[in-house]
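Accompanying notes for the structure given below.
A, B, ... follow the sequence lines: proteins, then strands. Residue 1 opens every chain. Computation of the quantities below employed the complete heavy-atom set of this structure, encompassing side-chain atoms and omitting hydrogens, waters and symmetry-equivalent molecules. Quick caveat, the model's predicted, so the values are computed rather than measured.
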Amino acid sequence: MLDIAFIRENPELVKDVARRRKTAVDVDALLALDNDLRATRRHADDLRAEQNRLSKAIRDAGADKEARDGFIAQGRGVAAELKDLEPRERELEASLRELLLLTPNIPDASVPEGESEDDNVEVKRVGEPRQFDFEPLDHVTLLTNLGMLDLERGAKVGGSRSYILKGEAVFLELALMQFALHHVARKGFLPLDVPAMAREFCFIGNSQFPRGREQTYALPEDDVFLVGTAEVSITGMHSGEILREQDLPIKYVGYSPCYRREAGTYGKDTKGIMRVHQFYKVEQYIICRADHEESARWHEELLRVAEEIVVALELPYRVLNLCVADLGDAKVKGYDIECWVPSEGRYRETHSDSYFHDYQARRADIRYRGEDGVVRYVHTLNNTALASTRAIIALVENHQQADGRIRIPTALRPWLGGQEYLGKAWR
RNA sequence: GGAAGGGUGGCCGAGUGGUUUAAGGCGCCGCUCUCGAAAAGCGGUGCGCCUGAAAGGGCGCCGCGGGUUCGAAUCCCGCCCCUUCCGCCA
């Protein structure tokens, strides 16, 4: 959420940003509401001031029945006026907030212009796609033949985009999560196992709602929703709090299942476990002071940590600087890491590194008291450390052997009891 | 799922309709005193919005949201959270 004062002072900038981000928001309507609300509130405040004066006058009138009754009669009049005005005030507040929640963030100057994901800019490419001296297979064939994946029964149980991992694939998944969790925790991030079911305010705070609400599973009986990332829960953690500057930055590494409806992706990635409704993810999260330079620095650092993980898993990858149209509403800037997927002959997204300035913090009401005593909104950032299914795809496809087994990268072996290969030869 | 109790400022805690513009204490900050510290004394100590060049002024906030009333921390309704007991349960 942007500061309403900022929008008042920079309406043309905000309109331009909305246009470039392909986001529909009526800035003029928003400003009209703001004007209306301020006028209404001023009027209501005056009435309340009058009410307070009369209230004291009634109290002080004591036994003077006549004066007292006069003040009470006046009070009734003021109360009646307020009763008309207050619902109007509340409506305006709600409408304004609704529009504010739809207003996108201001992108950084280093964000590339563009019309779609095709205009994302490759920042770097690391590692060479492996030259296979045999015909490489896709992850579905590999895992199914190793007896580690059952998509048919997965769909039978959970519907489309469901899967069942079996045997060593289960340990592989846990090993990947363990490895990522430890790698990030060693750098001073506090591990968190957060609720995967969260209340609405967490989603609004994080910017999943109101736009994107249809991507989230709702549990209406219990007034909670399934999180698509631990980021949602972590944003909710400090909602409504005023933190101490000396406690910043707060660095978390969250672990959670992730649930995504994938609404509107019918034709996309129908094969295998590239796009599924449930997976597990280790997520990096930072809360820092309201300072652009610091945010930008942590953004780069979060990228570096994620790259270390990808490098340790010996996966070829590239880094994209997301263009303004592909950035989503909330981000100031975002990098995606895409790992090489041999069966597709292209790079696929595995990580998403973002910073938000105070956009999430305003929505979630997360502030801190500076050493100077001034209370400000914090800055928030997050990046994937590792997401289970896409990591599995990249790992098994890139490290497959001619005999059908999967070579386990050295860094991951401690988490798999020292094992060098996954599965038994079948080719 | 059932029953009971509770939620007040950074913390403890008083407060059951109008001298509460939230008592008192602790903590914190400043000052006085002191070689310095402690103690003591004095003063200060929240967040948000509106208005104003500023000083200042106004409004709101006692878990959250409604309601009753001239007036609500206080009464009523709904919700959230915590504690205890019973039941169920990995």
Which side-chain N or O atoms in residues 79-88 of chain A pair as donor and acceptor under 3.5 Å with protein atoms at least two apart or in another chain?
from, atom 1, to, atom 2, distance (Å)
A:Glu86, OE2, A:Arg48, NH1, 2.9
A:Arg88, NH2, A:Asp36, OD2, 2.8

Ignoring hydrogens and angles, write down the donor-acceptor pairs under 3.5 Å from the side chains of residues 183-196 of chain A, residues two or more places apart or on other chains.
from, atom 1, to, atom 2, distance (Å)
A:His183, NE2, A:Glu308, OE1, 2.7
A:Lys187, NZ, A:Glu308, OE1, 3.0

Can I get a per-line list of side-chain donor-acceptor pairs under 3.5 Å for residues 140-149 of chain A, giving both atom names and the distance, sequence neighbours left out?
from, atom 1, to, atom 2, distance (Å)
A:Thr141, OG1, A:Asp138, OD1, 3.1
A:Thr141, OG1, A:Asp138, OD2, 3.4
A:Thr144, OG1, A:Val140, O, 2.5
A:Asn145, ND2, A:Thr141, O, 2.8

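Dense packing is recorded around NZ of A:Lys22, with more than 12 heavy atoms of other residues, nucleotides or ligands lying under 6.0 Å away.
Taking the C1' atoms as reference points, B:A72 lies 16 Å from B:U21, given to the whole Å. B:G25 sits 37 Å from B:C77 when the P atoms are compared, rounded to a whole Å. Between B:G9 and B:G46, the two C1' atoms lie 6 Å apart (nearest whole Å). For the C1' atoms, the distance linking B:A73 with B:U20 amounts to 9 Å, nearest Å. Straight-line distance between the C1' atoms of B:G13 and B:G27: roughly 14 Å, to the nearest whole Å. When the P atom is compared between B:G43 and B:C79, the two are found 48 Å apart, to the nearest whole Å. For the P atoms, the distance linking B:A4 with B:C76 amounts to 15 Å, nearest Å. Spacing of C1' atoms, B:G63 relative to B:C50, comes out at 26 Å, to the nearest Å.
The side-chain contact (heavy atoms from CB on, under 4.5 Å) check on A:Glu245 picks up A:Arg289, A:Tyr368, A:Glu371, with sequence neighbours excluded. Residues forming a ring pair (Phe, Tyr, Trp, His ring centres under 6.0 Å) with A:Tyr252 (at least two apart in sequence, or on another chain): A:His238. Remark: A:Arg369 engages no residue in a side chain to side chain donor-acceptor pair (under 3.5 Å) (not counting sequence neighbours). With sequence neighbours excluded, the residues satisfying side-chain contact (heavy atoms from CB on, under 4.5 Å) with A:Gln278 are A:Tyr259, A:Tyr280. Residues satisfying the side chain to side chain donor-acceptor pair (under 3.5 Å) test with A:Glu93, not counting sequence neighbours, are A:Arg41.
B:U68 is unpaired under the criterion used here, namely a Watson-Crick or G-U wobble arrangement in which both key atom distances are under 3.5 Å.
Comparing A:Asp223 and A:Asp46 by the nucleotide of RNA chain B that holds the closest heavy atom to each, the one mapping nearer the 5' end is A:Asp46.
Going from atom CG of A:Asp69 over to atom P of B:G18 covers 19 Å, rounded to whole Å. Between the CG atom of A:Asp222 and the P atom of B:C79 there is a distance of 14 Å, rounded to whole Å. In this structure, A:Arg48 places its CZ atom 6 Å from P of B:G60, rounding to the nearest Å.
Within residues 191-206 of chain A, the residues having any heavy atom under 4.0 Å from RNA chain B are, by residue number, A:Arg199.
Listed by first and then second residue, the side-chain hydrogen bond (donor to acceptor under 3.5 Å, both in side chains) pairs involving residues 104-114 of chain A are A:Arg20-A:Glu113, A:Asp108-A:Ser110, A:Ser110-A:Lys333 (not counting sequence neighbours).
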What does nucleotides 45-50 of chain B look like as a protein-contact string, B for base, S for sugar-phosphate only, - for none, at under 4.0 angstrom between heavy atoms? -SSSSS
Protein proximity profile, nucleotides 64-78 of chain B - base contact B, sugar-phosphate-only contact S, no contact -, cut-off 4.0 Å on heavy atoms: --SSS-BS-------
Step-by-step salt bridge (Lys or Arg N to Asp or Glu O under 4.0 Å) determination, A:Asp329 to A:Arg21: CA-CA 7 Å; A:Asp329 287 340; A:Arg21 299 187 95 135; 5.1 Å; no
